[in-house]
Number of protein chains: 2
Amino acid sequence: MTSSDCPVLDDTKKPRRRNSDLTVHELKAATTEQLINQGLSGLSIKPILDKAGVSRGALFHHFPTKNHLIAAAFADLLQSFSEALHQSGSDLRSGRIDVSAFVEQVVETFVSDMFIGSMEIALGIRVEPDLSELVKEAVEEWRVSLAAFWNETFELKGMDTAAAAQHWAMASNLLRGHAFTSTYGVEPGARLAFCKSFEKLILNEAVIKKETA
Amino acid sequence: MTSSDCPVLDDTKKPRRRNSDLTVHELKAATTEQLINQGLSGLSIKPILDKAGVSRGALFHHFPTKNHLIAAAFADLLQSFSEALHQSGSDLRSGRIDVSAFVEQVVETFVSDMFIGSMEIALGIRVEPDLSELVKEAVEEWRVSLAAFWNETFELKGMDTAAAAQHWAMASNLLRGHAFTSTYGVEPGARLAFCKSFEKLILNEAVIKKETA
DNA sequence: CACTACAAACCAATCGGTCGGTATGTCAAG
DNA sequence: CTTGACATACCGACCGATTGGTTTGTAGTG
């Protein structure tokens, strides 16, 4: 999470005064890191500021409220989450990896920091209506993207659209459940066992779509 | 969550000075309610005190730390959770309900306040090592109880112990995933669809054990 | 008298957020 | 090229409210 990750650093064009984009990026990065490592309750302004190396004034200059910052950081997180899944799907369709490796990757993505962050926010929005509002759009995008991920990767023979949707909903639920279980800590081997079960239970009748490129 | 739920209200026996047991119970009840309705971050001492109608001094007289109170409340919650499941299992084995109703009940139990509370704590213990320690025992009991629930309710033909354990782990993951998904809000019908899919995916080859009573 | 069970004043630390001030940059007029 | 008006980016002292926890005192009981 260094500043080199930021794609918006070319000060070559357009009027930009100080380091506005950088500051915002650092702020979001620090927020994400805190969210994952310390949870929602660890999202106090002070540690975020310290970690980002930014002043209180700068934060409230760029974001009207702490929750606005959190929402912005979370939107970025969900997008990374989504991109990781689509990448795995693409790898599978192109033949770069096989189904087992695909499942491992997908499970890995779910049992990652990103999912933890999602859980934190999911619980947070139950209590904070304004945060819920701020995050709504990003969550909806994520929902659509997840459905698209399954549908663009696999075909389910003999299932209509609704049945397929339900099938992938179950797949997603399984992954979420496993990810949640993992937060309590898992014994070694459980991950692998889950992958194998998942493959058998969910992907048995699924056909990989051919690369259309 | 009224005080009438309390099984410890018979002041008829033994030396008890004031209302010690009552106070403790009110404290735990208020904590649970706050945990569910306001999340971990809503577990401030003040609102708990207000809700329980108890003073600060009383709390710290009975619990050395806020986290001790939380852990105690959570242990109660997990036990209720467990009891609800075992009740459903018993109802099924005795023939009082059929498989569909059983699945509905179990799903209902998972998508309840109790699961929300578990999620909150699960995330909380990632960040607070001492809370993690305080809760450890209750969580382990819950784990065992959940496994027992499946095994005492169903038999899986042609599966050894390990395979059966893995099968029920997947079942539990599905339920957890669905419960988590539900926290974001579900469209009507999704619950039913999940129940049907669950029954087909998980309980297809499961045989209900006979009532041994 | 000793002990439990409580009540409530009190504490330092921290919370999210505001505000006045300054440094830096753009732009248009002279 | 200089100058002054104006906007943006930022800093950090400060605010009232709230945090978990301590302490001191007291009412009731054996």
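Note on naming: letters A, B, ... go to the chains in the order of the sequence lines (proteins, then strands), and numbering restarts at 1 for each one. Heavy-atom basis, side chains included; hydrogens, waters and symmetry copies ignored.
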Would you kindly give the [atom1]-to-[atom2] distance between [X] and [N], to the nearest whole Å?
X	N	atom1	atom2	answer
B/Leu69	D/dT19	CG	C1'	16 Å
B/His25	C/dC6	NE2	P	15 Å
B/Asn67	D/dT19	CG	P	15 Å
A/Asn19	D/dC11	CG	C1'	15 Å
B/Leu59	D/dT23	CG	P	16 Å
A/Glu128	C/dG16	CD	P	10 Å

* To do: Identify, residue by residue, the members of residues 36-54 of chain A with a heavy atom below 4.0 Å from DNA chain C, and return them in order of residue number, or none.
  => A/Leu43, A/Ser44, A/Ile45, A/Lys46
* Indicate the ring-plane relationship of B/Trp142 and B/Phe110, choosing parallel, tilted or perpendicular according to the 30° and 60° boundaries. =>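 B/Trp142 vs B/Phe110 ring planes: tilted.
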* To do: Would you mind checking if B/Lys136 and B/Glu133 are paired as a salt bridge, meaning a charged N to carboxylate O distance below 4.0 Å?
  => yes
* Asked: Any salt bridge between B/Arg191 and B/Glu108, counting N to O under 4.0 Å?
  -> yes
* Asked: Where each residue is assigned the nucleotide of DNA chain C containing its nearest heavy atom, which of B/Val24 and B/Arg56 is assigned the position nearer the 5′ end?
  ->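 Mapping each residue to its closest nucleotide by heavy atoms, the 5'-most match is B/Val24.
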Do any side-chain nitrogens or oxygens of [X] fall under 4.0 Å of OP1 or OP2 in [N]?
X	N	answer
A/His62	D/dC10	yes
B/His61	C/dC6	no
A/Thr23	D/dA9	no
A/Ser55	D/dG12	no

* **Out of D/dA13, D/dG21, C/dA5, whichever nucleotide has its closest atom nearest the side chain of B/Phe60** => D/dG21
* Between B/Phe102 and B/Phe154, is the gap from one ring center to the other below 6.0 Å? ->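 Centroid separation for B/Phe102 and B/Phe154: below 6.0 Å.
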* Asked: Centres of the B/Phe115 and A/Phe180 rings: under 6.0 Å?
  -> yes
* Are side-chain N/O atoms of A/His86 and A/Thr153 paired as donor and acceptor at under 3.5 Å? -> no
* To do: Kindly give the heavy-atom pair with the smallest separation between A/Val107 and A/Cys195, and that separation in Å.
  => CG2-SG, 3.9 Å
